[in-house]
Amino acid sequence: MAWIRKALPRRTIQASAKSTVTASASTSDCNLASVQASVAACAAVADLTAGLDFVFDRLGDEGDPGDELQYHLDQLCQQAERYTNSSLQDNAGEEWSCSPGTGELIRAACQCAVMVYDQTQPMGVKGFDIEPVLHRSPSSMGTVKAYSMWKIPFTPIPGWSGKTLVVSIRGTATVMDHMVNMNGKPKDASTLFKILSKGQRVNVQSHAGFLGCAQDMIPTVTADIRQQLLADEKIRNIVFTGHSAGGAVASLVFLHFLFQQSPDPWISNCKPSLITFGSPPVTSISLTDICKDSSSIGVLLSIVNEYDMISRADGPYLQSVVDLYRSRHGLPPVFNSSAATAERDSKSWPLRLPTFHLLGDIVVLKLHLVDLPSVQGDDALSQASTIVVTTLKAVKVSPKEFAKLLFCDISTHRRKAYIERMEMLATQFWDNSSSLNTGLGELVLGTSILKFRN
């Protein structure tokens, strides 16, 4: 939302958004994706800002508007922390782990999801040898996202053979990208893929902005993949990946290739996988189990950092967050609270039922504290009976559990936050001796000591 603040400070945001919707109504029927995205984005902004006038009235009055916006984001996080569903509880979900080969593949996918933003970024010192293949620039209107392809010569995963092609789609980088992101109306996805489950047609709607991007990208992506397969017949696996909005579009592109009505003879012989990082929800129903019924797929994961608000960000969720922040200032809700989930209690903030869902097994990366016994020695550190260190725990949660979580942080959504945590996990997968064995399957993050307990 930073682009909104820069372009239209204070209450003029809402008034301008409403006037843009009215003025654009006659042009929206021209079926231009960019116009439709702009109109829908302005309508969404007008809707959300209706409950935030008290915030926009202050932005820019004193000091740096960026500092004031950060102040409100911090206040929002503090308000969320009052409720138990603002974090993943220790008894939620189930501990997640994977083979070393799969861990290396996930890390490689994360690197590709980050490098698509900047081709000059250096690779890590461990893991696969990744060969850059091509890079495509985005369209000027944001309806076609940038994407890159890499090749991995060998993937040490049981049941996998041959080389792996990684297709990484870029997330948000421009104002037009934000417009696409805000175009969140549900739209029939049958023009991109058709799903049959147990002989029955599955009706699926998708985020209109991301669906439009995927549809516009399919012809070029298909041609590029086919070219790579023709040039290198050893490619047997295709991994689609992306961070943030790039992950959402990658999810839809993956669905297109998995459920093609007229499969490409070359592409259909490859094992497709999807690994996203901080993706927003994208389909009207959870399709993970249906996808996993296909014997042809490889890895299907949606990696989420705990507290990452973007991973929850569809319309009903953002409306719930607006009401949450209004409650901090003693203001009544502006959105319909009757749509809240059934399990409401005084310790949990009620959330409206989601419009969209993530694709893939949801794995939440959770930082927390663990007591470890100290090693006897002469220094001050070893004199403590226990040492409290920060650890990273990977937890698989169901879509139903995930829909109850109140994540409100933006900093954990950054690409840097994801690449750092994946590097930490990769260290555990590659070299178990480098991490301290806590008996919980967790990874100790570095050696910095937070405090001692005698």
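Worth saying up front: this structure is predicted, and the values here are computed from it rather than measured.
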Closest heavy-atom contact between [X] and [Y]?
| X | Y | value |
| --- | --- | --- |
| Ser244 | Ile310 | OG-CG2, 4.1 Å |
| Thr241 | Cys112 | CG2-CB, 4.5 Å |
| Asp188 | Val204 | OD1-O, 3.6 Å |
| Leu405 | Tyr317 | O-CE1, 3.6 Å |
| Cys213 | Val249 | CB-CG2, 4.0 Å |
| Ala403 | Pro354 | CB-CG, 4.1 Å |

Interatomic spacing from [atom1] in [X] to [atom2] in [Y] - rounded to 0.5 Å:
| X | Y | atom1 | atom2 | result |
| --- | --- | --- | --- | --- |
| Leu301 | Leu359 | CG | CG | 10.5 Å |
| Tyr418 | Thr412 | OH | OG1 | 6.5 Å |
| Ser87 | Phe407 | OG | CZ | 7.5 Å |
| His357 | Phe402 | NE2 | CZ | 11.5 Å |
| Asp74 | Asp409 | CG | CG | 8.5 Å |

* **CD/Glu233: more than 12 non-hydrogen atoms of other groups inside 6.0 Å** => no
State, without any angle test, whether [X] and [Y] hold a side-chain donor-acceptor pair at a distance under 3.5 Å.
| X | Y | result |
| --- | --- | --- |
| Asp216 | Ser139 | no |
| Asp177 | Thr174 | yes |
| Gln215 | Thr191 | yes |
| Thr164 | Asn237 | yes |

* Asked: Which pairs count as salt bridge (Lys or Arg N to Asp or Glu O under 4.0 Å) when at least one residue sits in residues 282-306, sequence neighbours excluded?
  -> Lys292-Asp361, Glu306-Lys366
* With a distance cut-off below 6.0 Å to the six-membered ring centre and an angular limit of 45° from the axis, does Arg415 pair with Phe277 as a cation-pi contact? ->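 Pair Arg415/Phe277 does not count as cation-pi.
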* Structure fact -> Per side-chain contact (heavy atoms from CB on, under 4.5 Å), Tyr147 is matched among Met217, His135, Arg170 by Met217
* To do: Please identify each residue that fulfils side-chain contact (heavy atoms from CB on, under 4.5 Å) with Ala80, with sequence neighbours left out.
  => Ser86, Leu324, Leu406, Cys408
